[in-house]
Amino acid sequence: METLKIFGGNTLNGEIEVDGSKNSFLPIMAASVLCDGEIVLKRYPNLSDLIIMREILGTLNISTHVDGKTLYIDSRNSENKKITHDLTQKVRASIFILGALLGKFRSAVIAYPGGCNIGERPIDIHLKSFRTLGCRIIERHGYIYCYGENMKAGEVVLDFPSVGATESLLMCACVLEGETIIRNPAKEPEIVDLQEFINSMGGNVKGAGTDKIVINGVKSLHGTTFSVMYDRIVAGTYLLATATCGGHVLVKGVDSRHNSSLLAYLRQTACQIDVFNDKIELKADKRLSSIKRVTTMPYPFFPTDLQAPMMTLQSVSQGVCFLEETIFENRFGHVFELKKMGADIITKNRIAMIRGVDRLFGADVTATDLRAGAALVMAGMKAEGYTTIHNVDLIDRGYEKIEEKYALLGADIKRITI
Ligand code: UD1
C-alpha cells in the first residue's frame, strides 16, 4: 500500500521533460503482434499499464525488454493464444490485442477488458466494425470469440469516433487484402502515430487525423525502429499544475499543436504562455481568472483526459466555470474529493459548476481514476497543510514517479509505503 503525502503551498519552478505517450504506446505495442521481426520503440515511460501490455505480449510468446527509455519487442515467434480475464481486467487497452490477433491469425479469443472506473465503456463499436468486415463473433461466459477466416476489406462507418475502435480497425485492416475505408474515425494524434508506426513496418495507411482513413492491406509487416509521440496529456497536466500552483515552468518534449485547445483555454486566464519548437513555457504569477465554459469533446477539442486537472485549476481561479464532460458518463469522481479540500463545486448530470475559492485545505483523499488522481495531486500541492492521496497505483498507470517530477519543480511531495 502506498500513498502520496504532500505539504502544499509551494510554487512550481524549473524544467520538466515529457516521455512517450501511454495512449500511443498501448496500441503500438499491440500492433507489434502483426509483424514477424524486431521492434524498437523510443521514449518508453515506465508505467504500470505498459508493463501489463508487456505481460499480455508475453503470453503470445512475444518477448520484450527495456533498456533505459527504449523498449525492444521480438515478435518473430508469436503465437495465437487466449487472453484471459486476469490480464484483461488490469488494462482496458487489452482490447487492442483483438484487432492485432485478428489481423495476423484471423482468429482471437479474449476476455472482456477492464480499466478505469469512469463509465460503462462498451466495446460494441469495435465488434460491429469487425462484423462489417465479415468477422463472426460469439460472446459467451465473459469471453469474445472471433472467427475471421472470411474477413474482407470494406467500408466501415463508425457510429462515434471512438479512439480505441479506430485503432483496432487499423490494426486488423492493415494486413487484410484490398482497400478498407474508415469513415468518421477518431482524429486524435495517437491515431496518426499508429498510422506512422504501421507504415514504418511496411504498411499502407493514409488519412489518419482526417475524416476518412484509407488502408490498403499488405501481405506482411517487418520490424522497425520508431519514436513514439510525446504524451500530450502528461504535458497538459504539468501546464495545468503550474497554472494552479503558480510559478514558472518549461515543459520539454511536447508538440504544441496537440495541446492547442488547452492553450486556447489557458490564454483566457491571463497566464503567460510561450510556445517553442518542442517546448512550452508557462508563467503564472498571480491568481488566474476562471474560464467561463469548458467542454470535453473528441480531438481537436478539449480532451476528457484533462477534465479533472482543469477542474482543480478552476477550483482555485477567480470566478465561475461551467465544465461539461461529454465523452464519459461517470467522470466526476474527483468532485467529491476536491470538495473535501474546500472546493465549491455543484454537479448536475454531466455539468459541473465550479465557483473558485481563494484557498484549498489539505485532506485525506482517494484517487478514483488515473486523471482524477493527477487532479488531486495538483490540489494537494496548492492546498494549505498536508494532503494524503490514496490509490496511488491508479496514478502510476499514466504518470511515472509523479512525486519525483513535481519534487524537482519544488513541490514538497513524498511517496509513503504503509
Ligand atoms: C481512449 C484513451 C482514453 C481517453 C479516450 C477518449 C487509450 C488507451 N485511452 O480510450 O485515455 O479518455 O480515448 O479520448 O487510448 N464507446 C462506445 N462503444 C465502443 C467504444 C467506445 O460506446 O465500442 C464510447 C465510450 O464508452 C466513451 C466514448 O465512446 O463514452 C469514447 O470512447 P473511446 O474514444 O473509445 O475511448 P477509449 O479508446 O476507450
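Both ligands and their constituent atoms are indexed starting at 1 by order of listing.
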Could you tell me the residue and atom name of the protein heavy atom closest to [atom], and the distance to it rounded to 0.1 Å?
| atom | value |
| --- | --- |
| atom 25 (C) of ligand 1 | F328 CE2, 4.1 Å |
| atom 18 (N) of ligand 1 | D124 OD1, 2.7 Å |
| atom 2 (C) of ligand 1 | N23 ND2, 3.5 Å |
| atom 10 (O) of ligand 1 | R121 NH2, 3.3 Å |
| atom 34 (O) of ligand 1 | V163 N, 2.8 Å |

Please report whether ligand 1 has a polar contact with [X], defined as an N or O pair separated by less than 3.5 Å (distance criterion only).
| X | value |
| --- | --- |
| E188 | no |
| E167 | no |
| E329 | no |
| F96 | no |
| K22 | no |
| S162 | yes |

Counting only heavy atoms closer than 4.0 Å, does ligand 1 sit against the backbone of R331, its side chain, both, or neither?
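Only the side chain of R331 comes within reach of ligand 1.
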
Just to be sure I read this right, does ligand 1 sit under 4.0 Å from the backbone of F160, its side chain, both, or neither, counting only heavy atoms?
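Side chain only.
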
Could you work out, for [atom], the closest of [options] by heavy-atom distance?
| atom | options | value |
| --- | --- | --- |
| atom 23 (O) of ligand 1 | I125, V91, N330, I327 | I125 |
| atom 20 (C) of ligand 1 | P122, S24, G164 | P122 |
| atom 4 (C) of ligand 1 | L127, T326, D305 | D305 |
| atom 6 (C) of ligand 1 | T166, T304, I191, D159 | T304 |

Parallel, tilted or perpendicular: rings of Y72 and H65 (30°, 60°)
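Answer is parallel, since the angle falls under 30°.
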
Which of parallel (below 30°), tilted (30 to 60°) and perpendicular (above 60°) describes Y143 and Y145?
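Ring orientation of Y143 relative to Y145: tilted.
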
Is any side-chain N of the basic residue among E139 and R131 closer than 4.0 Å to the acidic one's carboxylate O?
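Salt bridge: yes.
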
Are a donor atom and an acceptor atom from the side chains of [X] and [Y] found within less than 3.5 Å of each other?
| X | Y | result |
| --- | --- | --- |
| T304 | T296 | no |
| T84 | D86 | yes |
| Y112 | R92 | no |

Given the protein's heavy atoms, is any one of them under 4.0 Å from atom 27 (C) of ligand 1?
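Yes, there is one.
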
For a side chain to side chain donor-acceptor pair (under 3.5 Å) with E325, tell me which candidate from Q307, R350, R331 qualifies.
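Option passing the side chain to side chain donor-acceptor pair (under 3.5 Å) with E325: Q307.
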
Audit row: K69, D19, salt bridge (Lys or Arg N to Asp or Glu O under 4.0 Å) steps and yes/no:
CA-CA 9 Å; K69 293 270 168 211; D19 284 321; 3.0 Å; yes

For side-chain contact (heavy atoms from CB on, under 4.5 Å), just list the numbers for L194 and I191, CA-CA rounded to whole Å, side-chain angles, deciding distance to a tenth of an Å, and then say yes or no.
CA-CA 5 Å; L194 180 60; I191 311 277; 5.7 Å; no

So, taking the atom named OG in S168 and the one named CD1 in I95, what distance separates them when rounded to the nearest 0.5 Å?
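Answer rounded to 0.5 Å: 6.0 Å.
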
Shortest non-hydrogen contact from T242 toward A284:
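Scanning both residues completely, I find the closest heavy atoms to be O-CB, 4.0 Å.
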
